[in-house]
Colleague: 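Here you go, one structure.
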2 protein chains.
Amino acid sequence: MIQKKQEARRIAVPPRKVATIREVAAKAGVSTATASRALNDDPKVLSSTAQRVRKAAARLGYSANHAARSLKTRATRTIGVIAPDLATDFFMLLADRIEGELAARGYGLLLCSSRESLAEEKRLLGFFAERLVDGVIAIPATASGSHFKAAAARGMPLVLADRSPRGAGTDAVLVDNEGGACAATRALAGLGHRRIGLVGGDPRLSTARERHAGYLRALAELGLPREEAFERYGNMHIDSGYRMLGQMLSLPGAPGAFFVVNADTHIGCTNWLMTAGRSADSPAAEGVSTGRAMAVAPAATVGRVELAAFDEMPYSPLLCFCRFAVEQPVAMMGQEAVRLILERIAGDGGDRPRILRLPTRLVSHG
Amino acid sequence: MIQKKQEARRIAVPPRKVATIREVAAKAGVSTATASRALNDDPKVLSSTAQRVRKAAARLGYSANHAARSLKTRATRTIGVIAPDLATDFFMLLADRIEGELAARGYGLLLCSSRESLAEEKRLLGFFAERLVDGVIAIPATASGSHFKAAAARGMPLVLADRSPRGAGTDAVLVDNEGGACAATRALAGLGHRRIGLVGGDPRLSTARERHAGYLRALAELGLPREEAFERYGNMHIDSGYRMLGQMLSLPGAPGAFFVVNADTHIGCTNWLMTAGRSADSPAAEGVSTGRAMAVAPAATVGRVELAAFDEMPYSPLLCFCRFAVEQPVAMMGQEAVRLILERIAGDGGDRPRILRLPTRLVSHG
DNA sequence: CTGAAAGCGCTTACAG
DNA sequence: CTGAAAGCGCTTACAG
């Protein structure tokens, strides 16, 4: 990632001629000070004067030079947003809500991907500092959070979303991952399953860890056995779901139900079931409706596997093995993240980190 | 969308103290001019001087004030990006690629959603102008493009992606929609279908129109009948696919195959087939393997419908009725859009609009 | 209610 | 190779 700063100067800037406040002031017959006040709705200016200024501005097609204003006010009306990956549906649903909330308040959103890299994430905080963003909303990429704490200590308003890394100590908008996972696992048990596996995520990430904990809690509460051979951890991407479920279902006596940690892993699982799993001479059969383990079934009945997954997506009901999905309150997460960051920026955030835990909802599919 | 400009002043700005170039210069024992040159890798400064300056900057944790630099250079190293909707997978795949290309060059991305509104889109061009972005990459929301032409005429470097609205006359990165749709429709015919319907998009949008044209071309070339009752136009969202396919399959003698205009419509179609379509007392049956229309079949065999859709998504292979998908070269689109905009910014764009048409690829599923 | 003036933090001809 | 000085376009005490 080489930054060629000097290019900024080498570039031939097109003429793009725009009116300045001086021209507006001249046309309206006032000083730039008054013009500025009028344009910023300062109540102290005579409304007739303000009218004149506004008319002049309109005629000239004036719009304030944002860089100049920011230089003076030290506010950019811009929020930096970091996501580990822009192509992941859940992150983008969240980004969409954040953008909506911000746009409604005249804020812009500088969106960057950390590419799931801690180094990139740190670099981005510097990038944002340089650009004087008013605040940052970040979905952390890893389990490390001390750089967030450091940035906040340096005075950068900061709100984390979705994940809670170690040592961050900043505001955060999270969901009840444990409760959601527990409910999903219980729902599978409600179908008659007494053996339920886990297609999990990276346990260093709070989401994966908490969902795992919820899964385990459900097993414990229901008196179901924990079988570590059927608990796997992946990177929460499609390939990882494909691989993990495939490995487990190739084992003798695999369970007939799995809790799946997120949407992409879910896609991967479904993918395996619809391709390799279809033709697999897999010993993974278990009587689903009776909940009674059957002897190794040579002709695969892998198709009878049932899944409950975190994340309710538009396509979730279409994934053939999906029985339950845990819906996250994405809209509310976006709303709250924006509320928290704006409060921080305004200095109304208090001096303690505020951690929100929003509820999830279990959705039942066919 | 009320913008409260005065808030920019009311906000209590946190102390966030950062070093200025004056302090760096002082510490290095040079003028701010020399410090600036050193920090910008001006080859004219003595390398020993440059070293001293860089060391001082590092010690002070200096990073240039971006607003001040922009005010002077009139370049912001920021590209404005407009998408009709941030939650649509295809747009975000594209945004992800654009972000990657831009980040590698030290550019930031100001991302905004036009919410599929022309008015919003126009407003955003003004928003970007005010913020002095170096250029704009836009996925147009509607069929109207004259505001893009106007912005370009005012000197704003501008590249459109995916869609080509009327009267834009700017650079654009498009794909061969017609060819892709034609290939997909032919592939359905290759399965034995002699009657193929269309689950289409808004014909005012170039993508929907071109895909429609490709579908019609395939029919014509193959000598298949055009049946307007089985050509429908929607808004390219999930609900629209659900509704249109449902309506068509409820008609007597509906075809057994459909070309579907995009991913979301495809999800909607699949959704209908898996829910309403399953229980429907639909007269839509047609012998798929023989290609011979059957008499009205009361017990629905709607499940035998086969689809070919534009957009290959991670979940496309999992959509049960999907036989073919048209893959768009998203990575290349992002790359080319960034190349074009940077060339425009550098003044190397030439004086004629450059329209790129990238090839698609047909993917066969199960 | 309005204006003259200072200044935000850079970059860049210009002069040496 | 380096520095003094101007200036980018705003906003905002301060004075009136």
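Throughout, a chain's letter reflects where its sequence line sits, starting with A, and its residues are numbered from 1.
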Colleague: Is the shortest side-chain N to carboxylate O distance from A/Glu23 to A/Lys27 below 4.0 Å?
Modeller: no
Colleague: Scan residues 91-102 of chain B for pairs that pass side-chain hydrogen bond (donor to acceptor under 3.5 Å, both in side chains), counting only residues two or more places apart or in two chains.
Modeller: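 side-chain hydrogen bond (donor to acceptor under 3.5 Å, both in side chains) check on residues 91-102 of chain B returns A/Arg115-B/Glu99, B/Glu101-B/Arg105.
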Colleague: Taking salt bridge (Lys or Arg N to Asp or Glu O under 4.0 Å) as the cut-off, I'd like each qualifying pair that reaches into residues 54-63 of chain A, sequence neighbours left out, listed once.
Modeller: A/Asp41-A/Arg54
Colleague: If only atom types and distance count, is the side chain of B/Asn40 paired as donor or acceptor with the main-chain N or O of B/Asp42 below 3.5 Å?
Modeller: no
Colleague: Going by side-chain hydrogen bond (donor to acceptor under 3.5 Å, both in side chains), name the residues that satisfy it together with A/Ser31, two or more places apart in sequence or in a different chain.
Modeller: A/Thr34
Colleague: Rounded to the nearest Å, what distance is computed from the CG atom of residue B/Leu71 to the P atom of nucleotide D/dT11?
Modeller: 12 Å
Colleague: Could you tell me whether the phosphate oxygens of C/dC8, OP1 or OP2, come under 4.0 Å of any side-chain nitrogen or oxygen in B/Asn65?
Modeller: no
Colleague: Taking only side-chain nitrogens and oxygens of A/Arg74, does any of them come within less than 4.0 Å of OP1 or OP2 of C/dG9?
Modeller: yes
Colleague: Nearest-Å distance, CG (B/Leu132) to C1' (D/dC10)?
Modeller: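 Distance, rounded to whole Å: 12 Å.
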Colleague: Taking the same atom, P, in D/dC14 and in D/dC10, what whole-Å distance lies between them?
Modeller: 24 Å
Colleague: For DNA chain C, please output the secondary structure as dot-bracket, reading 5' to 3'. Pairs are Watson-Crick or G-U wobble, both atom distances under 3.5 Å; mark crossing pairs with [ ], other-strand partners with |, unpaired with a dot.
Modeller: |||.||||||||.|||
Colleague: What's the CD1-P distance between B/Ile21 and C/dG7, to the nearest Å?
Modeller: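 So the CD1-P distance, B/Ile21 to C/dG7, works out to 19 Å.
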Colleague: When you measure from the side chain of A/Arg77 to the backbone N and O of A/Tyr107, does any donor-acceptor pair fall under 3.5 Å?
Modeller: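 Not at all, since once roles are kept as given, no pair shorter than 3.5 Å links the two residues.
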Colleague: As a test of reading the structure: which of C/dG9, D/dG3, C/dT11 is closest to the side chain of B/Val30, going by heavy atoms?
Modeller: D/dG3
Colleague: What is the distance, to the nearest angstrom, from the CD atom on A/Glu130 to the C1' atom on C/dC10?
Modeller: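 To the nearest whole Å, that distance equals 12 Å.
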Colleague: Do the side-chain N and O atoms of A/Thr76 and A/Asp134 include a donor-acceptor pair separated by under 3.5 angstrom?
Modeller: yes
Colleague: Near A/Arg22 CZ, under 6.0 Å, is it more than 12 heavy atoms from other residues, nucleotides or ligands?
Modeller: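 Incorrect, the count does not exceed 12.
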Colleague: Please give the distance between the C1' atoms of D/dT12 and D/dG16 as a whole number of Å.
Modeller: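 To the nearest whole Å, 16 Å.
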Colleague: For A/Arg22 and B/Thr34, take the nucleotide of DNA chain D holding the closest heavy atom to each; which residue's nucleotide lies nearer the 5' end?
Modeller: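 Looking at the nearest nucleotide for each, B/Thr34 comes out on the 5' side.
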Colleague: Quick one: do A/Arg344 and A/Asp171 make a salt bridge, cutoff under 4.0 Å?
Modeller: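 Looking at A/Asp171 together with A/Arg344, the answer is yes, because their closest N to O distance falls below 4.0 Å.
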Colleague: For nucleotides 14-16 of chain D, tabulate all protein N/O to nucleotide N/O atom pairs closer than 3.5 Å, reporting atom names and distance.
Modeller:
none

Colleague: Could you pick out which residue, B/Lys72 or A/Gly29, lies toward the 5' side of DNA chain C when each is mapped onto its nearest nucleotide?
Modeller: A/Gly29
Colleague: Near DNA chain C, counting only heavy atoms under 4.0 Å, which residues of residues 45-55 of chain A show up?
Modeller: A/Val45, A/Leu46, A/Thr49
Colleague: Are side-chain N/O atoms of A/Arg354 and A/Thr170 paired as donor and acceptor at under 3.5 Å?
Modeller: no
Colleague: Under a 3.5 Å distance rule, please check whether B/Ser114 uses its side chain to pair with a backbone N or O of B/Glu121 as donor and acceptor.
Modeller: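 No, the answer is negative, given that no donor and acceptor are paired below the 3.5 Å cut-off.
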